[in-house]
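In what follows, chains carry the letters A, B, and so on, assigned in the order in which the sequence lines appear, proteins first and then strands, with residues in each chain numbered from 1.
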Amino acid sequence: MNEHTVKAFDEDITRLRGLIAEMGGLAELSIQESLEAMINGDAKLAKDVAKRDKKIDALESEVDKLAVRIIALRAPMADDLREVIAALKIAGVVERIGDYSKNIAKRVSEVEERKHFEPLTLLPAMGELAAEMVHDVLMAYAARDAVLAREVIAADHKVDAFYNSIFRNVVSYMMENPATISSAAQLLFVARNIERIGDHATNVAEMVHYAATGSYPPDEDDG
Amino acid sequence: MIRNGNSFWPGLLLALATAIALFANGLSLWWILAVLLVWIGTLYLVGAAPPPEEPVSEEDPFSSDNMSELVEFSGTPIIMMEGSRISVANRAARKLLGKHIIGQDMRVAMRHPKAIRLLESNKSGSAQIQGLTRRKDVWRINRRIVGNGISVVELLNKTAEVDVARSHTDFVANASHELRTPLASILGYVETIRDEGDALPPQTKQKFLDTILAEGTRLQSLVSDLMSLSRIEAEKHDKPAESIALTQLVRNSSSDAAGLNRKDRLALDLQDKIFVNGDARQLEQLTRNLVDNALKYGHADSEVRVSLSLTENDEAKLQVTDSGEGIDPEQIPHLTRRFYRTDPGRSRASGGTGLGLAIVKHIVERHRGRLDIASELGQGTTVTVRIPAQSG
């Protein structure tokens with residue numbers, strides 16, 4: 001981005017980007033830890049995730065305030081305006097990603113008999129993919145890299161495929177082991193949450209693309 | 001001229017005291033004045049010049065300009081921060097985190113909460129974080145405050161150390177099961193032959209021996225696949241730097257994989273003069289594994305297409321397409337897992353170890369590339385590998 005004659009504006013934008021990155025970092029860690037907690041049944045880690053969500057929420061409102069202030073005081077134009085608008089939207093989406101992680105963490109105590117619970121082994125690979133997307137999209141945001149953003153969007157179908165696969169797997173497991181239905185149902189929600197995280201990473205990627213180029217990426221959704 | 005008061009004033013006092021003593025002794029005033037003149041004059045002339053004063057300027061000795069030259073060519077990524085802004089990043093840091101970080105808030109470059117906590121505090125210290133640039137990497141961040149709101153941050157890659165422990169447990173867990181199965185059947189048959197060798201009809205004995213041979217061969221290829229997998233894993237953190245003429249390499253290793261009897265099933269469509277930074281042996285293995293898979297799982301006598309081209313993003317794109325039964329979309333996400341088989345019986349019958357695609361995936365990862373598998377039931381499968389091409 002070009003340097004601005006008004007140095008204060010530069011500082012505001014830099015701070016705004018810093019806040020978004022900080023939110024992203026927290027969300028990224030939450031995804032990872034919530035899944036870890038889910039798989040190992042670690043209640044303490046789950047609590048950490050829930051606590052972290054408050055921090056994310058606080059940061060979101062800070063981003064909101066700062067963005068509104070920038071628009072009100074500095075009346076940004078063109079790519080600067082896009083940057084601020086995108087930040088505003090991205091903050092909202094990242095906050096949602098944090099919520100999904102918190103939701104996964106909340107379900108940790110609902111899953112019983114982890115040791116013999118086969119469907120649990122399917123989650124790490126899926127979580128890995130979604131976390132990778134979130135990681136990549138935050139890198140794309142930091143570098144204003146539209147190409148990487150498009151790659152993130154293209155990766156979403158993998159997470160969706162995983163979700164379908166896990167869904168069917170878990171359902172058939174439920175039928176074979178009716179005693180585990182309540183735990184298995186929790187897993188369905190967890191998988192759903194991960195799938196939503198992937199979708200939200202895609203949303204962020206679209207915003208990153210928009211902020212960097214001024215246009216939304218071509219729709220690659222094939223239903 | 002500023003005199004050094006320490007030696008001048010006592011000298012002057014001594015001279016005056018002497019003058020008074022001489023006066024008391026009744027020496028002529030003129031003599032006394034002459035002595036004083038010489039004395040004080042000498043004092044004045046020999047008085048040491050003061051050491052040059054330290055210039056008390058506002059400029060900090062650790063200013064960004066001074067430091068940036070100092071660290072520019074260090075192999076360790078080094079960043080200097082003014083407040084929370086990154087003011088200097090040396091070459092290694094720019095390569096690691098991207099050129100864009102200069103002038104940015106440090107959180108944009110290092111967003112891990114632990115890193116932020118360290119860098120926001122105004123203390124020196126260090127933190128170990130995961131996922132600085134790639135999700136699985138582990139870095140140690142050392143930060144030193146050097147004054148005036150300026151701090152120096154050094155980044156050390158600890159991924160390899162952390163990884164060693166993890167990959168060992170993985171290896172043992174996966175491999176022991178796979179090794180045990182063929183060993184069990186070898187031992188079983190050998191035991192039978194030893195105990196009742198003479199009583200067995202010759203055909204049965206022959207069948208047993210054949211099984212032992214087949215299982216032994218399987219063990220052998222399993223061990224060699226495991227070896228190459230662990231070798232690739234061991235090296236996965238150093239980016240390969242050899243310049244490879246990919247076109248030639250793909251052509252050769254495709255026909256290697258096909259062998260004489262399957263060679264005419266190959267259809268090559270290779271763009272010329274594609275170069276990548278890579279490891280020749282691993283890229284050969286990658287091509288061989290993909291082509292061999294395609295030939296093995298494609299319908300007998302059907303064509304296998306191998307194409308290589310340069311994408312608009314400056315990536316070398318290798319595609320291997322077969323027209324086989326295709327893969328159930330549900331299976332696709334799991335294909336690159338070690339020892340994962342869509343159809344265990346068939347895979348074993350054709351001598352597969354269950355490691356082929358896992359090896360491919362690791363090679364692609366080491367080359368900072370991407371692997372995609374697309375398949376349609378009844379139509380066939382396309383495996384796409386993208387590796388950053390050499391620029392220029």
| Nearest heavy-atom neighbours spanning B:G103 and A:T14 | O-CG2, 3.8 Å

| Distance from A:R150 atom CZ to B:N313 atom CG, nearest 0.5 Å? | 7.0 Å

| task | Select one option (side chain, backbone, both, neither) describing which atoms of B:D372 are under 4.5 Å from chain A's heavy atoms. | result | side chain

| query | Quick one: what part of A:E128 sits under 4.5 Å from any heavy atom of chain B, side chain, backbone, both or neither? | reply | both

| said: With a 4.5 Å cut-off on side-chain heavy atoms, are B:R111 and A:H135 touching? | reply: yes

| query | How many angstroms lie between atom CE of A:M23 and atom CZ of B:R107, to the nearest 0.5 angstrom? | reply | 11.5 Å

| request: Report the distance from atom CE of B:M110 to atom CD of A:E22, rounding to the nearest 0.5 Å. | output: 13.0 Å

| field | Choice from A:E28, A:K158, A:M126 maximising heavy atom contacts with chain B below 4.5 Å | value | A:E28

| task | Pick one of side chain, backbone, both or neither for B:E120, based on which atoms fall under 4.5 Å of a heavy atom in chain A. | result | side chain

| Between A:E151 and B:R370, is the closest basic N to carboxylate O distance under 4.0 Å? | yes

| remark: Applying a strict 4.5 Å limit to non-hydrogen atoms, the region of A:A143 in contact with chain B is both

| Proximal component of A:A131, with respect to chain B [non-hydrogen, under 4.5 Å] | both

| query | What part of B:L132 lies closer than 4.5 angstrom to a heavy atom of chain A: side chain, backbone, both or neither? | reply | backbone

| How close do B:P113 and A:L26 get, heavy atom to heavy atom, and via which atoms? | CG-CD2, 3.4 Å

| Contact part of A:L138 toward chain B, heavy-atom cut-off under 4.5 Å: side chain, backbone, both or neither? | both

| field | Contacting moiety of A:D136, where chain B heavy atoms sit under 4.5 Å | value | side chain

| task | Under 4.5 Å heavy-atom distance to chain B, tell me which part of A:L19 shows up: side chain, backbone, both or neither. | result | both

| query | Rounded to the nearest 0.5 Å, how far apart are CG of A:L29 and CD1 of B:I129? | reply | 10.5 Å

| said: Looking at B:R368, I want to see if its CZ is surrounded by more than 12 non-hydrogen atoms of other residues, nucleotides or ligands under 6.0 Å. | reply: yes

| said: Can you tell me how far apart CZ (A:R17) and CG (B:D105) are? Round to the nearest 0.5 Å. | reply: 10.0 Å

